[in-house]
Peer 1: 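Before we start, here is the structure in question, set down as structure tokens.
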Amino acid sequence: MSILITGGAGYIGSHTCAELLNSGEDIVALDNFSNSSPDVIRRVKEISGRDFPLYAVDMLHEQGLRRVFEREDIEAVIHFAGYKAVGESVRMPLEYYNNNVAGSLTLFGVMRDYGCKKLVFSSSATVYGHSKEAPFREDTPLSAINPYGATKLMIEDILRDLYTSAPEWRISLLRYFNPIGAHPSGELGEEPSGIPNNLFPYISRVAQGKLERLYVFGDDYETPDGTCVRDYIHVCDLAEGHLAALRHIRGNTGAEAVNLGTGNGYSVFEALRAFENASGLTIPYEVTVRRQGDSAVMYADTTKAKALLGWSASRGLDEMCRDQWKYAGRNGDRL
Ligand code: WQD
């Protein structure tokens, strides 16, 4: 039996494909390549030394999804496919609700029809909204502060309702904090199209000379150095967390939310210094006004991940920066 990975050519999806293959799992990758490239799948095959089926299917194409379940023996699904840019979701809410929520509903309906009731869902710490309760526990009050976050919260609620209606389902809702870094091979990494919204891809572009300087969005927050604090987690730790969640749902029914973070918070200036140390470069920056919607402090309480999944992150910020910079150096022409 195989694990279907939707969004398998994406940043976290591709790293999870590699992790599952290296752990002996059989996988099937699915992607519509709206925000990724088939070359990423080639690279996953190269670094894992294993082949696997790939389907170019959109989540909204029900017949395309049914064809996958007809042809492949799918045991479980790890569902990454979705749009994920906060700012874009504010500008294009209908596209986000249709793609993320309607697409997920299509998938879940097809899974049910084929008797596939094991699911790991890619959720996000953004469902904690503007809660001020850092470190965030899974029972921290949930709220949506942008359409992207609203889609994640809606899909979580859909899955909780699905489990209530059919308690034979085995569901894990993984809430990512701030994924960064790249595969140590230098073959897989994050490739945002256009000007990056997120901190680390932006710093990486500045380091490559593709952008002039980093703009630090405010240094007047109530934090040790005035800049926002975030829980940056290595994408390989995140991939290992998905394997741990898959193993957990093999033996347990339920619909449990689990934080995937390190439990450590780093400020923008601390992150910048760590990247400078890893790259040996000085990153020019300018402090500007706050970015609308930013919270001052966000980092995970990691107790449940350890207790329920037997998983915790092991890679530190320096390793995250080194791997991010190695990837940029080997793929700079593509970024
Ligand atoms: C981190 C910090 C910025 C860019 C977002 C999504 C979240 C998740 C991860 C999907 C903040 C500061 C950033 C820049 C800056 N994505 N910053 N200059 O906002 O914590 O989380 O990505 O699940 O849902 O909301 O990440 O990397 O954008 O920002 O000063 O050019 O860096 O103010 O404090 P964020 P980020």
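We count ligands from 1, going down the list as the structure has it; atoms in each ligand are counted the same way. We count residues from 1, following the sequence as given.
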Peer 1: Check this for me - ligand 1, Phe177, N or O atoms closer than 3.5 angstrom, yes or no?
Peer 2: no
Peer 1: Who's closest to atom 14 (C) of ligand 1 heavy-atom-wise, of Tyr202, Tyr232, Phe217?
Peer 2: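 Answer by nearest heavy atom: Phe217.
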Peer 1: Main chain of Thr303, side chain of Arg137: is a donor-acceptor contact present, judged purely on distance under 3.5 Å?
Peer 2: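 Side chain of Arg137 to backbone of Thr303, a donor-acceptor pair under 3.5 Å: no, none is there.
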Peer 1: To the nearest 0.1 Å, how far is atom 33 (O) of ligand 1 from its closest protein heavy atom, and which atom is that?
Peer 2: Asp294 OD2, 2.6 Å
Peer 1: Tell me, please, which residues at least two apart from Asp318 pass salt bridge (Lys or Arg N to Asp or Glu O under 4.0 Å).
Peer 2: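 Once residues adjacent in sequence are excluded, Asp318 has no partner under the salt bridge (Lys or Arg N to Asp or Glu O under 4.0 Å) criterion.
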Peer 1: Any donor-acceptor pair under 3.5 Å linking the side-chain atoms of Glu88 with those of Tyr96?
Peer 2: yes
Peer 1: Of the protein's non-hydrogen atoms, which lies at the shortest distance from atom 22 (O) of ligand 1, and what is that distance?
Peer 2: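 The closest heavy atom on the protein side is Asn198 ND2, 3.2 Å.
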Peer 1: Given 3.5 Å as the limit, does a donor-acceptor pair link the side chain of Ser204 with the main chain of Phe200, or not?
Peer 2: no
Peer 1: For atom 34 (O) of ligand 1, what is the nearest protein heavy atom, given as residue, atom name and distance?
Peer 2: Cys228 CB, 2.8 Å
Peer 1: For atom 27 (O) of ligand 1, find the nearest protein heavy atom and state the residue, atom name and distance (0.1 Å precision).
Peer 2: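 For atom 27 (O) of ligand 1, the nearest protein heavy atom is Leu199 N, 2.7 Å.
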Peer 1: Check each atom of ligand 1 against the heavy atoms of Asn197 and keep those under 4.0 Å away; list them by number with element.
Peer 2: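 Listed by number with element, the hits are 4 (C), 28 (O).
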Peer 1: Among all protein non-hydrogen atoms, which one is nearest to atom 20 (O) of ligand 1, and what is the separation to 0.1 Å?
Peer 2: Arg230 NE, 2.6 Å
Peer 1: Compare Tyr176, Tyr148, Tyr11 and give the one whose heavy atom is closest to atom 10 (C) of ligand 1.
Peer 2: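 Shortest heavy-atom distance from atom 10 (C) of ligand 1: Tyr148.
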Peer 1: I'd like to know if the side chain of Arg170 reaches the main chain of Arg250, judged simply by a donor and an acceptor atom lying under 3.5 Å from each other, with no hydrogens or angles considered.
Peer 2: yes
Peer 1: Of the choices Tyr215, Tyr266, Phe200, which has the non-hydrogen atom that lies closest to atom 18 (N) of ligand 1?
Peer 2: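 Heavy atom nearest to atom 18 (N) of ligand 1 belongs to Tyr215.
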Peer 1: Number the atoms of ligand 1 from 1 as they appear, then name those within less than 4.0 Å of a heavy atom of Val216, with their elements.
Peer 2: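 Answer, ordered by atom number: 30 (O).
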Peer 1: Cluster partners of Phe136, using ILVMFWY side-chain heavy atoms under 4.5 angstrom, listed by chain and number?
Peer 2: Val127, Tyr128, Leu142, Leu153, Phe177, Met298
Peer 1: Please write down residue, atom name and distance for the protein heavy atom closest to atom 35 (P) of ligand 1.
Peer 2: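 Nearest protein contact, heavy atoms only, for atom 35 (P) of ligand 1 is Asn178 ND2, 3.5 Å.
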Peer 1: Looking only at N/O atoms, are Arg291 and ligand 1 under 3.5 Å apart anywhere?
Peer 2: yes
Peer 1: Nearest protein heavy atom to atom 25 (O) of ligand 1, by residue and atom, and its distance?
Peer 2: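 Looking only at protein heavy atoms, the one closest to atom 25 (O) of ligand 1 is Val86 CG2, 3.4 Å.
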Peer 1: For atom 12 (C) of ligand 1, find the nearest protein heavy atom and state the residue, atom name and distance (0.1 Å precision).
Peer 2: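 Residue, atom and distance for the closest contact: Val268 CG2, 3.8 Å.
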Peer 1: Could you list the atoms of ligand 1 found under 4.0 angstrom from a heavy atom of Ser124?
Peer 2: 23 (O), 24 (O)
Peer 1: Testing Leu20, Asp26, Asn22 one by one against Arg50 for a side chain to side chain contact (heavy atoms under 4.5 Å, CB included), which residue passes?
Peer 2: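 That would be Asp26; it is the only one of Leu20, Asp26, Asn22 passing the side chain to side chain contact (heavy atoms under 4.5 Å, CB included) with Arg50.
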Peer 1: For Ser122 and Tyr176, test the side chains for any donor-to-acceptor distance below 3.5 angstrom and give the result as yes or no.
Peer 2: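 Yes.
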Peer 1: Does any N or O in the side chain of His79 come within less than 3.5 Å of the main-chain N or O of Leu119, such that one atom is a donor and the other an acceptor?
Peer 2: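 Absent.
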Peer 1: On the 0 to 90° scale, with breaks at 30° and 60°, tag the Tyr215-Tyr202 ring pair as parallel, tilted or perpendicular.
Peer 2: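 Perpendicular: the ring planes of Tyr215 and Tyr202 meet at over 60°.
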